[in-house]
Amino acid sequence: MDGAQAPTVPDVSGLPEIDWRAPWFDAVAQRGQGALADGDWREALSAHAAAAGLVSGQGRALRFVAQEDLPATMAYEAFIAATGGVPTRANLHDFFNALIWLTFPRGKAALNARQAAAIAVEGVQATRGAARDAATVFDENAILFACSDEALGEALRAFDWHTLFVTRRADWGRVCEVQPFGHALLEKLVAPYKAVTAHAWIVDVPHAYFGWMPSERRAWLDDQIAPMLASASWTTRDFAPLPVLGIPGWCPANADSSYYLDRSVFRPGRRQKA
């Protein structure tokens, strides 16, 4: 023995049971279940990252490390960018963060680069600047609304829930769908409730998109969003709120159109209020 302390293994006993059959976990279920079965899920997910050649916002080989590896004097995002190590606690929030890194690696790296660049310029302040604020919202709570029909994107922006969820209900899966990106959003959906609302980012897709395999769709979306996320040309005003349990197939109760009459959740928005 050389006296070196063995790395801590994240404890899964404290994690609540996850219903991996839920539709919002489609993209992460296989890796998530496999990593938890492995015992040291942090190490298992690091192996996936290495096999895929994933990198941080500054091109460093990605891996998931213990929270204790983050120096007290260094910002979280700056540490990831510079070292490739993602400080990861033994909780659901960080578990889903790791899974999203594996699902949308280019998008996550672009967000990391944006955050690290802002920190380099502004430092770590009591409140985030606009660039970091937008990146954090995307990272934590975004959902990608992939759509080949402009009218459905317009309905989402206009809070036109009747068109989006009732009149055009049959078009879900044919001309529009969602892909969760925010890891805090996935954490909330372990115990879902009606008011869970994501920040939707609308992505225009070709009609052929809906004939691709799910993994091909996600890879295509990742390629599309990464350049935008790395830029400084977007803000929190570019999101559209989306109550996710209104999505057809995500909640049995929403098969009844009266489900959408709950204005505390499906709000009319400024335009309709006026």
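Owing to the predicted nature of the structure, the values given are computational and were not obtained by experimental measurement. We're numbering straight along the sequence, starting at 1.
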### Task
Report the distance from atom SG of Cys147 to atom CD of Glu177, rounding to the nearest 0.5 Å.
10.5 Å

#### Entry: Ring-face cation of Arg114 near Trp234 (centre distance under 6.0 Å, axis angle within 45°)
yes

### Task
Starting from the C-alpha separation in whole Å, work towards a yes-or-no answer on side chain to side chain contact (heavy atoms under 4.5 Å, CB included) for Trp161 and Leu242.
CA-CA 9 Å; Trp161 311 119; Leu242 177 59; 4.3 Å; yes

### Query
Can you tell if the side chain of Arg31 reaches within under 4.5 Å of the side chain of Val28, non-hydrogen atoms only?
no

### Query
Between His93 (side chain) and Glu187 (backbone), is there a donor-acceptor pair under 3.5 Å?
no

### Message
With heavy-atom distances below 4.5 Å as the criterion, would you say the side chains of Thr88 and Asn97 are in contact?
### Response
no

### Message
Check for me, please, whether Ile247 and Leu261 land in the same ILVMFWY cluster - side-chain distances under 4.5 Å, paths through other members count.
### Response
no

### Query
Would Tyr259 and Phe165 count as a close aromatic pair, with their ring centres under 6.0 Å?
no

#### Entry: Closest approach of Ala35 to Leu45 (non-hydrogen atoms, all atoms of both residues)
CB-CD2, 3.7 Å

### Phe266 and Phe159 aromatic centres sub-6.0 Å
no

### Message
With a 4.5 Å cut-off on side-chain heavy atoms, are Asp94 and Phe64 touching?
### Response
no

### Message
Is there a side-chain contact between Gln224 and Arg106 in this structure, where contact means two heavy atoms from C-beta onward sitting under 4.5 Å apart?
### Response
no

### Query
What are the two closest non-hydrogen atoms of Ile119 and Ala78, and how far apart are they?
CD1-N, 4.2 Å

### Message
Show the nearest heavy-atom pair for residues Gly84 and Arg60, with the distance to one decimal.
### Response
N-CB, 3.5 Å

### Query
Does the side chain of Leu186 come within less than 4.5 Å of Ile100's, by heavy atoms?
yes

### Task
Taking all non-hydrogen atoms of both residues into account, name the closest pair between Gly85 and Pro87 and its distance.
O-CD, 3.3 Å

### Message
Does Glu216 have more than 12 heavy atoms from other residues, nucleotides or ligands lying within 6.0 Å of its CD?
### Response
yes

### Message
Run the side chain to side chain contact (heavy atoms under 4.5 Å, CB included) test on Trp172 and Leu164 for me, step by step, so that the C-alpha distance in whole Å, both residues' side-chain angles and the decisive distance to 0.1 Å come before the verdict.
### Response
CA-CA 9 Å; Trp172 281 81; Leu164 187 65; 4.0 Å; yes

### Query
Are Gln179 and Trp24 close enough that some pair of their side-chain heavy atoms sits under 4.5 Å apart?
no

### Pairs where residues 194-203 contributes a residue and the test side-chain hydrogen bond (donor to acceptor under 3.5 Å, both in side chains) is met, not counting sequence neighbours
Asn141-His199, Lys194-Asp262

## Note on the structure
For Trp101 and Leu54, the nearest pair of non-hydrogen atoms, with its separation, is O-CD1, 3.7 Å

### Message
Within 45 degrees of the ring normal and closer than 6.0 Å to the centroid, is that where the cationic atom of Arg217 sits relative to Tyr209?
### Response
yes

### Message
According to a hydrophobic-cluster definition based on side-chain heavy atoms being under 4.5 Å apart (Ile, Leu, Val, Met, Phe, Trp, Tyr only), do Phe210 and Met213 belong together?
### Response
no

### Task
Without swapping roles, check the side chain of Ser56 against the backbone of Ala81 for a donor-acceptor pair under 3.5 Å.
yes

### Query
Rounded to the nearest 0.5 Å, what separation is found between the CG atom of Asn112 and the CD atom of Gln58?
7.5 Å

### Query
Is there a donor-acceptor contact under 3.5 Å linking the side chains of Arg169 and Asn254?
yes

### Query
Minimum heavy-atom separation for Asp204 to Trp220, with atom names?
O-CH2, 3.5 Å

### Task
Tell me, with the steps shown, if Leu36 and Phe95 meet side chain to side chain contact (heavy atoms under 4.5 Å, CB included).
CA-CA 10 Å; Leu36 290 179; Phe95 177 58; 3.7 Å; yes

### Message
Whether the side chain of Tyr260 engages the backbone of Gly246 through a donor-acceptor N/O pair (distance < 3.5 Å, no angle test) should be reported.
### Response
yes

### Task
Check the pair Lys108 / His183 against side chain to side chain contact (heavy atoms under 4.5 Å, CB included), numbers first and verdict last.
CA-CA 11 Å; Lys108 289 285 282 185; His183 54 282; 4.0 Å; yes

### Message
Rounded to the nearest 0.5 Å, what separates atom CZ in Arg157 from atom CZ in Phe145?
### Response
9.5 Å

### Message
Can you confirm whether Thr83 sits close enough to Val65 that some side-chain heavy atom of one is under 4.5 Å from a side-chain heavy atom of the other?
### Response
no

### Task
Calculate, to the nearest 0.5 Å, the distance between atoms SG and CG belonging to Cys251 and Asp256 respectively.
11.0 Å

### Message
Do Val55 and Val86 sit in one hydrophobic cluster, given that two such residues count as connected whenever their side-chain heavy atoms are within less than 4.5 Å of each other, even indirectly?
### Response
no

### Check: Val178 and Leu144 side chains under 4.5 Å, non-hydrogen atoms
no

### Query
Taking atom CZ of Phe138 and atom CG of Leu111, what is their separation to the nearest 0.5 Å?
6.5 Å

### Task
Compute the centroid of each ring, for Phe96 and then for Phe25, and state whether the two points are separated by less than 6.0 Å.
yes

#### Entry: Sidechain-backbone polar pair: Thr163 side chain, Asp160 backbone, donor-acceptor under 3.5 Å
no

### Message
Is it the case that the side chain of Asp238 and the backbone of Thr235 share a donor-acceptor pair, with hydrogens and angles ignored and the cut-off at 3.5 Å?
### Response
yes

### Query
Any salt bridge between Arg168 and Asp149, counting N to O under 4.0 Å?
yes

## Note on the structure
CZ of Phe104 to CD1 of Ile225, rounded to nearest 0.5 Å, is 6.5 Å

